[in-house]
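Single-structure report; data block below.
Naming: A, B, ... by sequence-line order, numbering from 1 per chain.
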There are 2 protein chains.
Amino acid sequence: MKTLEGVEWAVHACAVLAGLAPDSSLNAAALADFHRLPAAYMAKHLQALVRGGVLTASRGGRGGYRLARPAAEISLWDIQAAIEGSGPSFRCQEIRRQGPCAGYTSSRVPCDIACAFHEAEAAYRAHLKAVSIAQIAERVGVRYGPEGRGAFADWALRNGGTPIG
Amino acid sequence: MKTLEGVEWAVHACAVLAGLAPDSSLNAAALADFHRLPAAYMAKHLQALVRGGVLTASRGGRGGYRLARPAAEISLWDIQAAIEGSGPSFRCQEIRRQGPCAGYTSSRVPCDIACAFHEAEAAYRAHLKAVSIAQIAERVGVRYGPEGRGAFADWALRNGGTPIG
DNA sequence: GGTATTCTACTCGGATAGAAGTTGTCCGAGTCCCGCCGG
DNA sequence: CCGGCGGGACTCGGACAACTTCTATCCGAGTAGAATACC
């Protein structure tokens with residue numbers, strides 16, 4: 001039960017992309033450099049986001065990544081699911097069907113323990129689905145303040161992206 | 001974001017112990033055999049439960065494990081925390097404080113992304129805390145039916161435990 | 001017969017290998033842009 | 001002057017190691033209980 005470090009990187013990267021104009025894009029090297037992260041590994045996570053339908057990639061000169069949908073329609077769960085997979089965290093091994101009482105457990109009725117954990121996971125996912133990357137980008141931008149926002153805009157322009165506002 | 005397999009084993013073991021009288025105990029070998037699990041590895045998880053305050057162990061002849069508290073006061077979260085640790089799943093690396101906009105992020109204000117994930121985790125924990133091992137044992141016992149419950153009682157007696165009822 | 005003692009068998013506990021997954025890195029496949037050439 | 005073409009540089013994409021963590025196992029430390037010897 002440990003959230004992969006790559007999820008954090010991916011959310012930060014998406015938050016940066018949410019601060020750019022819809023037709024603007026940034027490459028993996030720029031997204032990694034913004035937080036001083038290893039470019040090659042960041043690229044790996046960005047590929048996973050493309051596979052998960054969160055980002056779209058364009059190759060060639062002045063290519064890069066951009067959000068596949070409006071930032072308001074991308075939730076934190078979408079990002080985590082793209083990196084870690086959307087399957088359940090608790091995978092029932094059905095060990096109840098082994099041992100002296102195995103014959104008395106109906107295979108049609110789901111395991112009570114697995115059900116309890118799956119409900120808890122559903123609550124977890126519901127919370128993440130309620131938070132969009134647009135909200136995150138908004139809050140981070142507010143925290144930056146006017147000067148920080150200007151610095152972000154400068155950096156984006158230097159790296160081929162067109163910031164919003 | 002993957003729940004360790006040991007958590008499932010530990011919950012099943014606690015459910016078995018919840019079906020025994022308060023002054024009764026079972027050793028690691030018996031608890032492992034009930035679900036046909038490797039005894040040595042099951043013992044390791046039981047030790048973790050002792051360290052987490054969920055079980056108490058007694059050594060020597062006719063020793064074994066028993067619940068440290070009434071089953072109604074032991075939640076699924078207590079068990080998971082004993083096995084996987086009670087720390088947060090999402091560990092913020094504070095990468096926001098690196099890069100060109102690092103100076104504009106106040107170190108006193110917590111990271112918005114980490115906050116969102118921590119809230120989701122709190123919802124997850126809340127659901128697990130609401131389910132006690134007594135409820136789980138009750139449901140499993142109901143699923144067994146009268147005959148299965150009798151088989152369980154026989155098995156427990158053969159292994160030195162005194163079943164409830 | 002009662003009691004202290006020793007002995008044995010049984011239990012947990014931590015230290016020790018093996019496997020899996022995550023983290024980190026590299027080079028090749030594909031694409032767009034710019035300059036060049038010809039009409 | 002305009003359109004087609006080729007070269008080059010840049011980008012993503014998947015294949016390849018190193019490390020941490022989980023899974024699995026073993027043997028030693030410690031204890032309760034029974035059998036025994038003694039009073």
Side-chain angles (χ1 to χ4, degrees), chain A residues 1-10 13 17 23-33 35-52 54-66 68 80 82-85 87 89-91 93 95 158-161, chain B residues 1-10 13 17 23-33 35-52 54-66 68 80 82-85 87 89-91 93 95 158-161:
Chain A
M1 190 66 178
K2 178 172 173 291
T3 302
L4 300 187
E5 209 170 27
V7 173
E8 183 179 359
W9 297 14
L17 290 174
D23 58 347
S24 174
S25 63
L26 268 94
N27 60 28
L31 285 169
D33 179 66
H35 292 300
R36 299 281 188 269
L37 299 172
Y41 192 29
M42 172 59 97
K44 192 171 183 57
H45 291 311
L46 294 172
Q47 292 166 25
L49 290 172
V50 171
R51 259 176 265 137
V54 175
L55 301 183
T56 57
S58 57
R59 305 174 73 161
R62 285 194 76 68
Y65 295 95
R66 69 187 66 181
Q80 173 164 352
I83 301 294
E84 296 192 341
S89 167
F90 187 96
R91 287 137 185 185
Q93 300 297 121
I95 64 175
R158 270 200 307 277
N159 286 277
Chain B
M1 192 61 179
K2 177 172 173 291
T3 302
L4 300 187
E5 210 170 28
V7 174
E8 183 179 1
W9 297 14
L17 290 175
D23 58 348
S24 174
S25 63
L26 274 117
N27 59 29
L31 285 169
D33 179 67
H35 292 300
R36 299 281 187 268
L37 299 171
Y41 192 30
M42 172 60 96
K44 191 168 185 58
H45 290 312
L46 295 173
Q47 293 166 25
L49 291 173
V50 171
R51 258 176 269 142
V54 175
L55 302 182
T56 57
S58 56
R59 304 174 77 163
R62 285 194 76 70
Y65 296 94
R66 69 187 65 182
Q80 172 163 353
I83 301 293
E84 296 192 340
S89 167
F90 186 96
R91 286 138 187 185
Q93 301 297 120
I95 63 176
R158 270 201 306 279
N159 288 277

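Applying the side chain to side chain donor-acceptor pair (under 3.5 Å) test to A:S25 and every residue at least two apart in sequence or in another chain returns nothing. For the ring-ring contact (aromatic ring centres under 6.0 Å, His included) test, residues two or more places apart in sequence or in another chain that qualify with A:F90 are A:F117. By the side chain to side chain donor-acceptor pair (under 3.5 Å) test, B:E84 is found to be paired with B:Q80, residues two or more places apart in sequence or in another chain being considered. Partners of B:R36 by salt bridge (Lys or Arg N to Asp or Glu O under 4.0 Å), not counting sequence neighbours, listed by chain and number: B:D33.
One atom, CD of B:Q47, and another, C1' of D:dC26, lie 12 Å apart when rounded to the nearest Å. The distance from atom CG of A:N159 to atom P of D:dC10 is 14 Å, rounded to the nearest whole Å. Computed from coordinates, the A:L37 CG to C:dT22 P distance equals 19 Å when rounded to whole Å. With rounding to whole Å, B:L55 atom CG is found 17 Å from C:dT11 atom P.
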Listed pairs, N/O of protein and of nucleotides 32-36 of chain C, under 3.5 Å:
none

Dump every N/O contact between nucleotides 18-25 of chain D and the protein below 3.5 Å, one line per pair.
residue : atom : partner : partner atom : Å
D:dT23  : OP1  : B:E5    : N            : 3.2
D:dT23  : OP2  : B:Y41   : OH           : 3.2
D:dT23  : O5'  : B:Y41   : OH           : 3.3

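Looking at A:E8 and B:Q93, their side chains never bring a donor and an acceptor atom within 3.5 Å of each other.
Pairing each heavy atom of A:G161 with each of A:L26, the nearest pair is CA-CD1, 4.1 Å.
Between A:R51 and D:dG14, a side-chain N or O to OP1/OP2 separation shorter than 4.0 Å is present.
Checking D:dG14, C:dC12, C:dG14 against the side-chain heavy atoms of B:Y65 singles out C:dC12 as nearest.
In this structure, A:A28 reaches the sugar-phosphate backbone alone: every heavy-atom distance under 4.0 Å involves primed, P, OP1 or OP2 atoms, never a base.
At a threshold of 4.5 Å between non-hydrogen side-chain atoms, the residues A:W9 and A:H35 do not count as touching. Side-chain contact between B:K2 and A:R91: present, with at least one pair of heavy atoms (C-beta onward) separated by less than 4.5 Å.
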